[in-house]
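Read through the structure below, which is laid out as C-alpha cells, and then see the notes.
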Amino acid sequence: MRGATCSFLIPLIGGALLCSFSGFTRSLEDQTGRPAPPHLVFIMVDDQGYGDVGYHGSEIRTPVLDQLAGEGVRLENYYVQPICSPSRSQLMTGRYQIHTGLQHSIIRPRQPLCLPMDDPTLPERLGKAGYATHMVGKWHLGFSHRGCLPTHRGFQSFLGTLTGSSDHFSYWSCDGGAEACGFDLHDGERPAWEMVGNYSTTLYIQRVKEILRSHDPSKPLFLYLSLQAVHTPLQAPKRFLHAYHSVENPARRHYAAMLSCLDQGLGEVVQELRSAGLYQNTVLVYSSDNGGQPLSGGSNWPLRGGKGTYWEGGVRAVGFVHSTLLKRKGAVSWALIHVSDWYPTLLGLAGVSHYNSRYLDGHDVWGAISEGLPCPRTEILFNIDPVSKRPGGLGQKAPMTLHSFGVWDTAVRAAIRVGEWKLLTGNVGDGDWILLQRTRMPGGLERWQGLEKRRDQQRKSVWLFNITSDPYERVDLAEARPEVVKHLLARLAEYNQTAVEPRNPPDDPMADPQLHGGAWGPWLGLEGEGGEGAVEDMKVERKVKVKHCKVCKLKALFKKVGSRLQRNSLLF
C-alpha cells in the first residue's frame with residue numbers, strides 16, 4: 001500500500017478548517033516601531049484550468065479556495081504563460097522570456113540550460129532584505145549544474161522535484177518517453193530516496209507545516225509552495241477518487257480528486273499560519289502556472305483553447321490574493337495583471353525599493369489589488385518565439401500575411417495584449433472551446449466549436465480580438481480593424497528589438513540519470529558554484545569529462561536505441 005494520503009474532508013463548510021480566515025487588519029510593528037515587513041506565501045498550482053475552481057462554476061469542490069478568494073481579492077484579468085518554465089521564470093525574475101532567452105518551449109531535463117545566472121531572483125533579493133526563504137515543490141527552471149539549483153538561487157531550503165513532472169508516489173521521472181528516466185525528489189541537494197511512497201501533495205503540505213511551526217514570527221518569511229498537482233500523471237488517493245465516482249471521464253475524475261486533495265491541504269496551511277502566529281501579517285498569493293490541459297482532465301470553459309496555446313484558455317489564470325493587510329476585501333479586481341508583476345510587487349511589500357525597474361517587465365500592482373487604484377500595467381507581451389515560425393508544408397503555400405503591413409513577419413508565433421485589444425500571429429495553438437462537464441450549453445456553441453478546423457482558417461496567421469467585450473475570442477476583428485492590427489504589430493516589432501537570442505541547446509547525453517546513480521541532478525560539476533578557484537577547477541573538470549564523453553554518449557546511444565526498439569515492439 002502506498003504511503004501517506006490526504007484525509008478526505010469535502011464537507012468542510014462550517015468545519016474547523018473553514019473557520020473564518022478573515023481577521024481584523026492591524027499593522028504589526030518591529031522593535032523599532034516601524035511596520036514589520038509582511039510574511040509572503042506564494043502558492044503556484046500546476047495546470048489548473050480557468051474553469052477548475054468552485055467560484056468559476058466548476059463541479060469540482062474547492063471550498064477552501066472559494067473562501068480564501070472570497071475573503072480576499074479575486075484577480076479576474078490575470079495572466080500567466082501557456083507552459084510551465086516561462087511562467088516560473090517570470091515569477092522569479094520579473095522579466096519577459098524574450099529577455100531571458102527562454103522564448104521557446106520548456107527547459108527539458110537533459111538540456112544544459114537554466115534560469116540566467118545574471119538575473120537576481122526574487123528569493124535572492126528577499127534574502128538580502130532579511131527574509132527567511134524556503135521552497136517546497138516543483139522547480140522546473142533547470143539543474144544542469146549546482147548553481148542552477150533552488151538552494152543556489154536564493155532559497156535556504158528546498159524539498160521538491162527538479163524536472164517538469166514525475167510520478168506522485170514514486171517520483172520516477174522520464175524525459176523523451178523512456179529514453180532517460182530517473183528518481184526526482186530532492187531534500188536540499190540530495191536525492192530523498194527515503195520519502196518514496198508519500199503522495200506529493202501530502203508530502204509538500206507536511207513540509208510547509210513543519211517550516212511554519214519552526215519559523216520565528218519576528219523574522220519575515222518568504223515561502224514558495226509550488227505544487228505539482230494537478231499536472232500529469234493523474235494520480236490521487238483513493239478516498240478522494242471515491243468522492244467523484246459518478247464522473248464518467250476517468251481523466252476528469254482523477255483530476256478532480258487531485259484538486260480536492262490540494263484544496264484541503266491549503267486549508268491546513270492557512271490553519272497552520274494562524275496557529276504559528278503568522279497569519280495576521282501574511283500576504284498569500286495563489287496562481288496557476290498556465291491553463292488547463294483538456295486531454296488530461298482540465299477545463300478552461302468558457303475560455304478558448306488550453307495549455308500550450310496563446311488563446312485565453314492557455315494564458316488567463318486562476319488567481320487571488322488573501323490577506324488581512326488588504327485595504328479592501330471580498331472584492332473582484334479587473335486590473336490587468338501578469339505573472340511578472342509579482343516580482344516588483346512582493347519586493348515592494350518587503351520594503352525593497354532599490355531594484356532597477358528599468359530592467360523589469362513587471363509592475364508593482366499592490367495598489368491596484370489592495371485599494372483598487374489605477375493599474376500601472378496597460379499591456380502584456382505574452383511572447384515572441386522566432387523558433388516556432390509557421391512555414392508552409394511541402395507543396396503548400398506560405399501562410400497568409402494579411403495585415404502584416406511590412407512591419408512584422410506574421411508567421412512568427414507571438415501574442416500581445418494592449419488595453420482591451422489582443423493580437424495573435426503565427427501558430428498559436430488549437431483554438432477550440434472544450435466543454436468537459438455536463439452543464440447547460442449556451443446558445444450557439446456549435447458555431448464556436450470547430451472554428452479553427454474550418455478550411456478558411458488553416459493558413460490564417462493574424463487574429464485580433466477585443467477581450468473586454470469578447471473574452472471568449474469568438475469574433476476575429478483583424479479585417480475589420482486594420483489600424484489596430486498595424487499598431488499592435490508595430491508594438492511587437494518594438495519589443496523584438498529588445499529580445500535576446502533564444503537559448504535552446506541540444507540535449508546532453510551526459511545528463512542521463514543512469515550515469516549518475518539513478519537520480520536526476522546536476523551533471524556539469526562545479527559550474528556556477530562560485531568561490532575562489534572554482535573557474536580553474538571547472539576547466540580541469542571539463543577536460544576530464546571530455547575524455548569520458550565519448551563513452552557517455554555511446555552508453556546513452558545504446559540506451560536510446562534500446563528503448564525505441566522496445567517501444568516499437570509494443571506496436572506490432
Side-chain angles (χ1 to χ4, degrees), residues 1-21 43-71 137 165-170 197-206 208-209 225 227-272 286 288 291-301 306 318 320 322 434-440:
M1 179 176 180
R2 281 172 167 170
T5 60
C6 300
S7 57
F8 183 66
L9 293 173
I10 282 292
L12 289 174
I13 296 179
L17 282 180
L18 272 190
C19 60
S20 176
F21 290 138
I43 299 168
M44 181 163 277
V45 179
D46 207 342
D47 286 7
Q48 182 180 11
Y50 179 84
D52 294 328
V53 66
Y55 63 79
H56 282 168
S58 177
E59 83 283 19
I60 300 176
R61 295 180 282 277
T62 58
V64 173
L65 294 182
D66 297 344
Q67 187 160 354
L68 289 173
E71 294 179 350
S165 68
S166 65
D167 185 283
H168 290 270
F169 289 95
S170 70
N198 291 284
Y199 183 60
S200 64
T201 299
T202 308
L203 180 66
Y204 295 155
I205 294 297
Q206 182 60 37
V208 166
K209 290 162 68 174
L225 172 57
L227 293 160
Q228 185 184 325
V230 282
H231 195 291
T232 54
L234 299 176
Q235 299 167 309
K238 290 183 179 179
R239 65 187 71 194
F240 283 87
L241 282 169
H242 178 71
Y244 293 98
H245 67 275
S246 61
V247 178
E248 296 179 1
N249 184 325
R252 185 66 173 170
R253 182 166 62 251
H254 281 76
Y255 181 99
M258 295 172 75
L259 192 52
S260 285
C261 183
L262 180 155
D263 183 78
Q264 180 193 303
L266 295 188
E268 296 177 15
V269 168
V270 175
Q271 186 60 41
E272 196 63 52
Y286 181 93
S288 179
Q293 171 55 270
L295 296 176
S296 301
S299 174
N300 303 298
W301 179 263
V318 176
F320 62 80
H322 178 90
I434 301 175
L435 182 65
L436 290 179
Q437 63 267 43
R438 295 179 179 178
T439 60
R440 182 181 300 174

### Task
Compute the ring centroids of H322 and Y286, then answer whether they are less than 6.0 Å apart.
no
## Note on the structure
dist S170:OG -> N198:CG (nearest 0.5 Å) comes out at 12.0 Å
### Message
Between T201 (side chain only) and L262 (backbone N and O only), is there a donor and an acceptor less than 3.5 Å apart?
### Response
no
### Query
Nearest 0.5 Å, what's the CD1-CZ distance between I60 and R252?
3.5 Å
### Query
Are any of the side-chain heavy atoms of Y199 and M258 separated by less than 4.5 Å?
yes
### Message
Would the distance check show the side chain of N300 and the main-chain N or O of Y50 forming a donor-acceptor pair, the cut-off being under 3.5 Å?
### Response
yes
### Task
May I ask you to decide if P233's main-chain N or O and D167's side chain share a donor-acceptor pair within less than 3.5 Å?
no
### Task
In sequence, state the C-alpha distance, the side-chain angles, and the governing distance for Y255 and V247, and then conclude on side-chain contact (heavy atoms from CB on, under 4.5 Å).
CA-CA 11 Å; Y255 181 99; V247 178; over 6 Å; no
### Summary
In this structure, CD1 of I43 is separated from CG of L266 (nearest 0.5 Å) by 4.5 Å
### Task
Provide the closest heavy-atom pair for S296 versus A251 in the form atom of the first, atom of the second, distance.
C-CB, 4.1 Å
### Query
Heavy atoms, side chains only, cut-off 4.5 Å: are S299 and D52 in contact?
yes
### Query
With a 4.5 Å heavy-atom cut-off, do E268 and V64 have their side chains touching?
no
### Message
Measuring only between side-chain heavy atoms, which start at C-beta, is E272 closer than 4.5 Å to V208?
### Response
no
### Query
If we only count heavy atoms from C-beta on, is the H56 to W301 side-chain gap below 4.5 Å?
no
### Task
Any chance you could measure L227, atom CG, to D47, atom CG, to the nearest 0.5 Å?
12.5 Å
### Query
Is there a side-chain contact between V269 and Y204, using heavy atoms and a 4.5 Å cut-off?
no
### Query
Hey, does V53 have a side-chain heavy atom less than 4.5 Å from the side chain of L259?
no
### Query
Under 3.5 Å, is there a donor-acceptor pair between the side chain of Q228 and the main chain of H168?
no
### Message
Rounded at 0.5 Å granularity, tell me how far CG in N249 sits from OH in Y244.
### Response
14.0 Å
### Message
Between V270 and Q67, does the side-chain contact (heavy atoms from CB on, under 4.5 Å) criterion hold? Intermediate values first, please.
### Response
CA-CA 11 Å; V270 175; Q67 187 160 354; over 6 Å; no
### Task
Please report the closest heavy-atom contact between G51 and S58, naming both atoms and the distance.
O-CB, 3.0 Å
### Query
Which distance, rounded to the nearest 0.5 Å, do you find between the CZ of F240 and the CD of Q235?
15.0 Å
### Query
Is any side-chain heavy atom of L241 closer than 4.5 Å to a side-chain heavy atom of H254?
yes
